[in-house]
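In what follows, a structure is listed as structure tokens, so that the remarks can point back to it.
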Amino acid sequence: MITVLRPGLCVFSEHWKTGKLKFICKSLQTGPSGSKLHAKDYIDRRDGGIPVINPAHLINGRIVPDDRVTVNKIIAEHLAVHKLEVGDIVLARRGEIGRCGLVTEKETGWLCGSGSLRVRPDGEILDSRYLVLLLINKFADSWLSLNTEIVGEIEIPLPPLQEQHLIVTYIENQTLNLDNLESVIKDTIKLLHERHTALISAAVTGQIRVEEYYAT
């Protein structure tokens, strides 16, 4: 059970365990080697291509494909072991470690790219959304290059599964509130900017008698 003392402050009543990813995931799989997938194999998605997910396509925990980085169905079948399933997490192997994306129903059947690594959590132990939140916060930021051995050794805080669900829901709700607040602030700034522009225009066109302000 989570006790919320005030927004942003929670106390968890049960003791949390930890577990290495290799023991709490069904599998860890690197993307295809360069000899199995080449840039020349890419076609446009409008030609029926199946997206290939590389590190550049992992943004803030989501997968944003490039329609120019896809392969035909024949190549996709040859690389079937790299197909993505709902709940998988695609993790960048190099560069900005901690960059990852959660696979939803929309991305099912797409392919893990050569520069990426696919993590398939055990859904009975680990909530994929919870793991994404941990990875985004750079649990692995001390490594410059990842492989399945390194990723498998990452220690993950492991509260009970129900508690993981609650954590994810709490963070999603707070994030939504912050997004709404950000939207209000942006609208306010836009309105103030418009009023500032209108004031300048009124002053320089004589709609406002400036000397009256100096007289007071």
Side-chain angles (χ1 to χ4, degrees), residues 21-22 24-34 36-141 145-148 150-152 154 156 161 164-165 167-169 171-173 175-176 179:
L21 270 182
K22 62 183 179 182
I24 55 179
C25 287
K26 292 181 178 178
S27 64
L28 303 170
Q29 174 78 46
T30 56
S33 65
K36 294 182 179 179
L37 180 62
H38 306 87
K40 64 181 179 62
D41 296 325
Y42 293 152
I43 63 173
D44 193 284
R45 193 175 178 185
R46 290 173 294 183
D47 297 325
I50 296 171
V52 177
I53 306 307
N54 292 317
H57 311 139
L58 307 173
I59 301 174
N60 296 326
R62 295 177 298 165
I63 295 175
V64 182
D66 183 338
D67 288 344
R68 299 166 299 178
V69 183
T70 74
V71 294
N72 62 41
K73 293 182 179 179
I74 295 176
I75 293 178
E77 285 305 315
H78 283 308
L79 300 175
V81 69
H82 302 290
K83 284 188 176 181
L84 301 173
E85 299 179 2
V86 174
D88 285 352
I89 298 169
V90 182
L91 184 65
R93 293 180 60 193
R94 301 178 184 86
E96 185 183 345
I97 307 304
R99 175 179 285 189
C100 61
L102 177 64
V103 178
T104 66
E105 291 185 3
K106 177 183 176 182
E107 297 87 23
T108 299
W110 292 6
L111 298 172
C112 178
S114 298
S116 302
L117 185 150
R118 189 260 300 149
V119 177
R120 183 164 292 163
D122 183 341
E124 296 183 0
I125 302 174
L126 184 60
D127 186 324
S128 297
R129 300 168 302 160
Y130 170 76
L131 180 56
V132 165
L133 291 172
L134 293 177
L135 295 174
I136 287 177
N137 283 281
K138 301 185 184 300
F139 256 73
D141 62 2
S145 181
L146 296 180
N147 54 39
T148 54
I150 292 174
V151 171
I154 297 176
I156 296 297
L161 188 60
Q164 294 177 41
H165 299 333
I167 292 169
V168 171
T169 299
I171 292 176
E172 287 178 345
N173 289 338
T175 300
L176 179 61
D179 289 343

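Only heavy atoms go into these numbers, but all of them, side chains included; no hydrogens, no water, no symmetry mates.
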Considering only distance and modelled atom types, tabulate donor-acceptor pairs under 3.5 Å from the side chains of residues 73-81, sequence neighbours left out.
| residue | atom | partner | partner atom | Å |
| --- | --- | --- | --- | --- |
| Glu77 | OE2 | Lys83 | NZ | 2.7 |

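- Counting only heavy atoms from C-beta outward, the side chains of Arg120 and Glu85 approach each other to under 4.5 Å.
- Residue Leu21 comes nearest to Leu126 through the heavy atom pair CD2-CD2, 4.2 Å, listed as atom of the first residue, atom of the second, then distance.
- At distances below 3.5 Å, not a single donor-acceptor pair connects side-chain atoms of His165 with backbone N or O atoms of Tyr130.
- In this structure, CG in Leu135 is found 6.5 Å from CD1 in Ile154, a value given to the nearest 0.5 Å.
- The minimum heavy-atom distance between Val119 and Pro121, with the atom names listed, is O-CD, 3.4 Å.
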side-chain contact (heavy atoms from CB on, under 4.5 Å), that's the test. Do Asn147 and Ile150 meet it? Break it down for me. CA-CA 5 Å; Asn147 54 39; Ile150 292 174; 3.4 Å; yes
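- Residues Leu91 and Arg99 approach most closely at CD1-O, 3.5 Å, considering heavy atoms.
- A search for salt bridge (charged side-chain N to carboxylate O under 4.0 Å, His left out) contacts involving Lys22 returns Glu153, not counting sequence neighbours.
- Under the side-chain contact (heavy atoms from CB on, under 4.5 Å) rule, Ile63 has a single partner from Asp88, Val103, Ile89, which is Val103.
- In this structure, Pro32 and Cys112 approach most closely via the heavy-atom pair CD-O, 3.0 Å.
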Side-chain donor/acceptor pairs under 3.5 Å, residues 46-53, sequence neighbours excluded:
| residue | atom | partner | partner atom | Å |
| --- | --- | --- | --- | --- |
| Arg46 | NE | Asp44 | OD1 | 3.0 |
| Arg46 | NH2 | Asp44 | OD2 | 3.3 |

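- Every residue two or more places apart in sequence or in another chain that forms a salt bridge (charged side-chain N to carboxylate O under 4.0 Å, His left out) with Arg45 is listed here: Asp67.
- Distance check: Ile136 CD1 to Leu131 CG gives 10.0 Å after rounding to the nearest 0.5 Å.
- Applying the side chain to side chain donor-acceptor pair (under 3.5 Å) definition to pairs two or more places apart or across chains, those involving residues 105-115 are Thr104-Glu107.
- Put simply, the side chain of Arg93 gets close to the backbone of Leu146: a donor and an acceptor are under 3.5 Å apart.
- In this structure, Gln164 CD and Thr169 OG1 are separated by 11.5 Å, a value rounded to the nearest 0.5 Å.
- Gly101 and Leu58 get closest at one heavy-atom pair: N-CD2, 3.8 Å.
- Looking at residues two or more places apart in sequence or on another chain, you find a salt bridge (charged side-chain N to carboxylate O under 4.0 Å, His left out) between Asp66 and Arg68.
- Rounding to the nearest 0.5 angstrom, the gap separating the CG atom in Leu111 from the CG atom in Leu84 is 7.0 Å.
- Here CD1 of Ile59 is found 12.0 Å from SG of Cys100. Values are rounded to the nearest 0.5 Å.
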Between Val132 and Val168, is a side-chain contact (heavy atoms from CB on, under 4.5 Å) present by the stated rule, with each step listed? CA-CA 10 Å; Val132 165; Val168 171; over 6 Å; no
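- The CG atom of Asp179 lies 11.5 Å from the CD atom of Glu172; values are rounded to the nearest 0.5 Å.
- Remark: the backbone N or O of Ile43 is paired with a side-chain donor or acceptor of Thr70 at under 3.5 angstrom.
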